[in-house]
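Keep in mind it's a predicted model, so treat the numbers as computed, not measured. Naming convention: chains lettered A, B, ... in sequence-line order (proteins, then strands); numbering from 1 in each chain.
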Amino acid sequence: MRFPMIKRILAIEVKEYIGKEVLLQGWVHRIRQLGQVSFIILRDRSGIVQTVAEEGVVAFPGLSNESIVIIRGKVSADARAPGGVEVRVRDIDILSQALDTPPIEINKKIDLLKTNLDTLLTFRAVCLRNPDILSIFKVQAELIRAFRQFLIQENFTEIHTPKIVATGTEGGAELFSVRYFEQNVYLAQSPQFYKQIMVGSGLERVFEVGHAYRAEDHNTTRHLNEYVSLDLEMGFIENEQDVIELQKKLIQFMFTEVSSNCAAELKLYKVKTPQFKDIPQLTLIEAKEILRSKCNKDLKEAPDLDPEGERLLCQYIKKNTGEGLVYITSYPISKRPFYTMPREDNPEVSRSFDLLYDGEEITTGGQRIHNYGQLIKKMKEAGLNEKDFDFYLQAFKYGMPPHGGLAIGTERITKQLLGLGNIREASLFPRDRTRVAP
RNA sequence: GGGGCUGUGGUCGAGCGGUUUAAGAUUCCUGACUGUCGAUCAGGAGGUCGCGGGUUCAAAUCCCGUCAGCCCCGCCA
């Protein structure tokens, strides 16, 4: 170590050290060489800062983009520098040299970077260095952090439930099968049963940030076979409206936090968080009627909206109310899992809901059945064997409060917020129909 | 699972039977420039046009197969 006396500072802190000697460590983001003066742009976790080498870069053989360096120099205020401050290079040490030119352009702005998604994913480790691409995951981390903070404030307890399970939530068709010593097990498609059990355990209010696995043969811009689910479940509710009310506050909090803590990242993607007053609610029947009468789309007897219907409906709602989100409620019970609570006044209609955000579903939730006998009956009707679900049914047999919950798709809300074209962009290392590496 | 489409230097792409020695942009290398900030200017490097077969006097271009990828639908977070 050549400069043991000086502590490292970050790029963002340079402006606080005008006139002082500093030590920076980071990546060579870009070199601009002009005759006898060279600009070396340094990148670290806090951002980028300009350094100036008066004698040119020839004094530092081996210096190239992406090499890891230690730069020592004096901070000077200069109106010509970006941000009005720069570091006058005294010395550079190369900690780790980049041996080759990166396959994609790391220092390019996102709107100038024309690289295809497939290439970006193939060179994922390299392309994540691009600050604009990396900022997607700063926003995502903030969404998750805010989700966690809000729920903790609301007295929820964070739980971690198994992803290796013996049975699925709905039966087994969309589950990945895994060899587990001498038996066959599955990857959990949802923490549904476990979070309900934990409501019954006495925690009342629980949440989980965890992976969910879907062995569905889909290949679209909004599906992953492994995704991060933001789940919550709460006891002692009146009905699904209590869950919706909580989620409205939750979503508002998440967006407010991202808006203030990720302002630069949102600006980069030219987006703003939705500034909703109140998220409107439509029953499925009302939604279909709007589509039929206002959007010239007749879904007839369809038990759900199709993707085009979701897009058109959101456009209509935005035009007429300014809201970017909309709840769809009262789905037919036949379209929902067996544990979904039916309405007392109409057992064909469920107390479940979806939340659409700019034309795409980001949440499904609802009230669940808490009556043991009713649950068994529904389970049998769904063709499931109650013996396989004894671990789950125990929670109900000995008394279960009325409860409900929901799940938010992390990659989906990230994609919708940033206006990304493909959900794979919102996953660090996406798992889709064919991609299992990197 | 069904349907549509695309594979051309590191990256992005034009060309879609014959003056094509495969355009252009960007990256990279060399040179010029003491204030760049998508630097600029000059020069240079980099491609058996995904792979295999076929049609033709002639194939990046047409046909078949194959592999890879993208998009839409069903389903869902």
Side-chain ion pair, [X] and [Y], N-O less than 4.0 Å:
X         : Y         : value
Arg222(A) : Glu361(A) : no
Arg435(A) : Asp118(A) : yes
Glu233(A) : Arg368(A) : yes
Glu425(A) : Lys415(A) : no
Lys195(A) : Asp231(A) : yes
Lys15(A)  : Glu13(A)  : no

[atom1] of [X] versus [atom2] of [N]: gap in Å, rounded?
X         : N      : atom1 : atom2 : value
Lys114(A) : C12(B) : NZ    : P     : 12 Å
Gln36(A)  : G35(B) : CD    : P     : 11 Å
Leu63(A)  : C28(B) : CG    : P     : 13 Å
Leu112(A) : U26(B) : CG    : P     : 11 Å
Lys108(A) : C12(B) : NZ    : C1'   : 10 Å
Asp78(A)  : U36(B) : CG    : P     : 11 Å
Leu113(A) : U27(B) : CG    : P     : 12 Å
Arg32(A)  : G38(B) : CZ    : P     : 6 Å

With under 30° as parallel and over 60° as perpendicular, where do the rings of Phe193(A) and Phe389(A) fit, or are they tilted in between?
perpendicular
For [N], give its Watson-Crick or G-U wobble partner with both distances under 3.5 Å, or none.
N      : result
G69(B) : C5(B)
C75(B) : none
U56(B) : none
A42(B) : U30(B)
G35(B) : none
A14(B) : none

Let me have a per-nucleotide readout for nucleotides 70-77 of chain B, 5' to 3', with B, S or -, counting only protein heavy atoms under 4.0 Å.
SSBBBBBB
Does Asn65(A) put a side-chain nitrogen or oxygen below 4.0 Å from OP1 or OP2 of C28(B)?
yes
Given U11(B), is OP1 or OP2 found less than 4.0 Å from the side-chain N or O atoms of Asn116(A)?
no
Could you measure between the two [atom1] atoms, the one in [N] and the one in [M], and give it in whole Å?
N      : M      : atom1 : answer
C5(B)  : A42(B) : P     : 43 Å
U26(B) : U40(B) : P     : 8 Å
U36(B) : U20(B) : C1'   : 39 Å
C16(B) : C63(B) : P     : 15 Å
A59(B) : A14(B) : P     : 24 Å
G47(B) : U30(B) : C1'   : 22 Å
C28(B) : U11(B) : P     : 15 Å
G17(B) : A58(B) : C1'   : 8 Å

So what does Ala81(A) touch, heavy atoms closer than 4.0 Å: a base, only the sugar-phosphate, or nothing?
base
Across the strands shown, which category fits Asn107(A) at heavy-atom distances under 4.0 angstrom: base, sugar-phosphate, nothing?
nothing
Nearest to the Thr101(A) side chain among G35(B), C28(B), U11(B), which nucleotide is it?
C28(B)
Between Thr119(A) and Gln50(A), just flag the one whose closest nucleotide in RNA chain B comes earlier from the 5' side.
Thr119(A)
Under-3.5 Å donor-acceptor pair between Glu86(A) side chain and G35(B) base
yes
Of all residues at least two apart in sequence or in a different chain, which pass the side chain to side chain donor-acceptor pair (under 3.5 Å) check with Glu226(A)?
Tyr213(A)
Show the numbers, then the answer: is there a salt bridge (Lys or Arg N to Asp or Glu O under 4.0 Å) between Lys163(A) and Glu208(A)?
CA-CA 12 Å; Lys163(A) 303 306 156 207; Glu208(A) 175 164 6; 2.9 Å; yes
